[in-house]
Amino acid sequence: MSAIRLTCPECDATVRLSRDVSPGKKVRCPKCDAVFSPDNSGDLPRRSKSREKQPVGGVHPALIVVPAVAAALLVYGGTVAAVIIKEKRANKDDQVAASAPVGSGPVLAKGPNMGPGASGAAKGNSTIGLNVGNIAPDIDGEDIDGQRFKLSDYRGKVVVIDFWGNW
Amino acid sequence: MYPHERSLVQRLEGKPFALIGVNSDDDREALKQVLQEERITWRSFWNGGLGGPISRAWRVQGWPSIFIIDAKGVIRQKYEGSPGEQQLNRAVDALLKEMGAN
């Protein structure tokens, strides 16, 4: 705005100004010479904004403490979770894939993976173990009469091993 | 007793097949008697009771337990408890066919 109109609080005259008047700036009435401020004309003096109560630094203390505590909990919780996850993974890696053979057996070339009507999931590979697909451990022992023999004596044959008892 | 085992052995005589037992009885002498009486002609390892080294090494926890091993020594079937005569016949016959012996 380039021109403003004011009312003189003393004589009620209309005062026209060709310039903006910032609040608080004083103006002289051309008619009665009274000096007044435009934002106070006709009004009781108002309390200045600078007197209103403000917290020191302009920020409520809770706005600092709560986020700080939350951040600390996140860091702590994240650290604990990372340690637990790492331990679980370590445990999984530590599992032994194959059992120790009773006697020594030759290492064989891979056999076919799945037999007909295979029972359960095949977890085998070409390592010695007890799962379908594993190379069976050898057995080196005695028969009932005390004669020594081995499971590997029967390599080249289909063998049914029957763990049994007469009870 | 043990008719299925006996018939399996008889049926596959002359084929590349063997039935091998692992016995977990406690009394070896009494067992020798049983082998004769029951006409148990197939060979068995002596495990020396339920806690013996062979059943431990094979993690056997129930009797009977049966493993079928192919001609290359690979475990092809694994049963806790007998799967029955029909299933055993089927599995063994398939492996024999695989090696061209059936």
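Every chain is numbered from 1 and lettered A, B, ... according to where its sequence line falls, protein lines coming before strand lines.
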Which pairs would a plain distance check flag for residues 29-39 of chain B, meaning a side-chain donor or acceptor within less than 3.5 Å of a matching protein atom at least two apart in sequence or in another chain?
from	atom 1	to	atom 2	distance (Å)
B/Glu29	OE2	B/Lys32	NZ	3.2
B/Glu38	OE1	B/Met1	N	3.2

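Most heavy-atom pairs under 4.5 Å with chain A: of the set B/Ile66, B/Leu96, B/Asn47, this distinction falls to B/Ile66. Highest contact tally toward chain B, considering only A/Gly165, A/Gly146, A/Gly156, A/Gly141, is held by A/Gly156 [criterion: heavy-atom pairs under 4.5 Å].
For A/Leu151 against A/Pro137, the heavy-atom pair with the smallest separation is CD2-O, 3.6 Å.
The list of ring pair (Phe, Tyr, Trp, His ring centres under 6.0 Å) pairs with a residue in residues 14-33 of chain B, not counting sequence neighbours, is empty.
With a threshold of 4.5 angstrom between heavy atoms, B/Leu50 approaches chain A through side-chain atoms but not through N, CA, C or O. Heavy atoms closer than 4.5 Å to chain B are found in the side chain of A/Trp167, but not in its backbone.
The shortest distance between side-chain heavy atoms of B/Met99 and B/Pro16 falls below 4.5 Å.
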